[in-house]
Amino acid sequence: MSQPVVFAAPADIELRPNPVNPDWIIEGKPQARAKRLAESADGTSSVMAWSCTPGRFEWHYAVDETVHII
């Protein structure tokens with residue numbers, strides 16, 4: 001069964017806290033938030049909305065990611 005297509009503007013999405021690992025923070029107190037918007041039927045791919053307040057940190061990727069900055 002097919003699922004409906006979801007359209008969303010990042011500014012209109014209610015994001016949930018998604019803290020940056022404290023060991024990765026270099027400067028400031030960045031507060032990250034995120035929400036999964038969609039996932040493939042087999043669970044191998046997903047679309048996320050993510051936002052973070054100012055700060056400097058080193059990000060360590062656990063999976064392959066494609067990032068679109070807007």
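Note that the structure is a prediction, hence the values are computed from the model and not measured. Residue numbers count from 1 along this sequence. Just so it is clear, the values below take in all heavy atoms, side chains as well, and ignore hydrogens, waters and symmetry mates.
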To the nearest 0.5 Å, what is the distance between CG (Leu15) and SG (Cys52)? 11.0 Å

Calculate, to the nearest 0.5 Å, the distance between atoms CG and CH2 belonging to Asn21 and Trp59 respectively. 8.5 Å

Any Trp50 side-chain heavy atom under 4.5 Å of Glu65 side chain: no

Can you list, pair by pair, the side-chain donor-acceptor contacts under 3.5 Å of residues 24-41, counting residues two or more places apart and other chains?
from: Gln31; atom 1: NE2; to: Lys29; atom 2: O; distance (Å): 3.3
from: Arg36; atom 1: NH1; to: Glu39; atom 2: OE1; distance (Å): 3.0
from: Ser40; atom 1: OG; to: Asp42; atom 2: OD1; distance (Å): 2.7
from: Ser40; atom 1: OG; to: Gly43; atom 2: N; distance (Å): 3.4
from: Ser40; atom 1: OG; to: Thr44; atom 2: N; distance (Å): 3.2
from: Ser40; atom 1: OG; to: Ser45; atom 2: N; distance (Å): 3.1
from: Ser40; atom 1: OG; to: Ser45; atom 2: O; distance (Å): 3.4

Treat each ILVMFWY residue as a node, draw an edge where side-chain heavy atoms are under 4.5 Å apart, and state whether Val47 and Ile13 are in one component. yes

